[in-house]
Amino acid sequence: LPPAKQKTVVQFLNEDATKRDWSDADMWFANSTCFDEALMAKLATIADKMKVGTFCVTFTKRLPSAKWQVLEHQVYTMSWGNATVYIQKKVHL
């Protein structure tokens, strides 16, 4: 990695993602294969408060929000079987 990227801060948190302010995130990931529609809607509401240009990666389900654009999606083999990986970008306020 270039020297500037070697000091990038990455946080891994083991807590309820729906009770946290993610508005300053640049990128976030949700292994959402087993998430129900209600949880995906709640995550989308939280994600909609993030800044334009933020990236999101989800498994199996895309964010149910018109504010996010799917840039790429492809099926990959995971340890539990196949899952579609969605790379999304916040494009609207």
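Counting begins at 1 with the first residue of the sequence.
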If I compare all heavy atoms of [X] with all of [Y], which pair ends up nearest, and what's the gap?
| X | Y | value |
| --- | --- | --- |
| Ala17 | Trp22 | O-NE1, 2.8 Å |
| Trp68 | Ala47 | CZ2-O, 3.4 Å |
| Leu63 | Gln88 | N-OE1, 2.8 Å |
| Trp28 | Met50 | NE1-SD, 3.3 Å |
| Thr84 | His73 | CG2-CB, 4.0 Å |
| Met40 | Ser32 | SD-CB, 3.7 Å |

Take atom [atom1] in [X]; do more than 12 heavy atoms of anything else shown fall under 6.0 Å from it?
| X | atom1 | value |
| --- | --- | --- |
| Lys67 | NZ | yes |
| Glu15 | CD | yes |
| Gln6 | CD | yes |
| Lys51 | NZ | yes |
| Leu1 | CG | yes |

Could you check whether the rings of Phe59 and Phe29 sit parallel, tilted or perpendicular, using 30° and 60° as the cut-offs?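 Perpendicular, since the angle between the ring planes exceeds 60°.
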Rounded to the nearest 0.5 Å, what's the gap from CG on Leu71 to OH on Tyr86? Could you check?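 Output value for this atom pair is 13.0 Å.
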Nearest 0.5 Å please: distance from the OG atom of Ser65 over to the NE2 atom of His92.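 Result: 9.0 Å between the selected atoms.
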Check for a donor-acceptor pair, side chain of Thr54 on one end and backbone N or O of Ala25 on the other, with a separation under 3.5 Å.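 Checked: pair present.
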Closer than 3.5 angstrom, by distance alone: can the side chain of Lys61 be matched with the main-chain N or O of Thr33 as a donor-acceptor pair?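 Looks like yes, one N/O pair under 3.5 Å.
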Same cluster or not: Val91 versus Leu93, using hydrophobic residues (I, L, V, M, F, W, Y) connected whenever any side-chain heavy atoms lie under 4.5 Å apart?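 No; Leu93 is not reachable from Val91 via cluster members.
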In terms of hydrophobic clusters joined by side-chain contacts under 4.5 Å, are Phe55 and Tyr76 together?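 Yes: a chain of side-chain contacts under 4.5 Å links Phe55 to Tyr76.
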Kindly determine whether Leu39 and Thr18 satisfy side chain to side chain contact (heavy atoms under 4.5 Å, CB included), including the steps that lead there. CA-CA 9 Å; Leu39 180 53; Thr18 65; 3.7 Å; yes
Does Val57 reach the side chain of Met27, with side-chain heavy atoms less than 4.5 Å apart?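 Yes, at least one pair of side-chain atoms sits under 4.5 Å.
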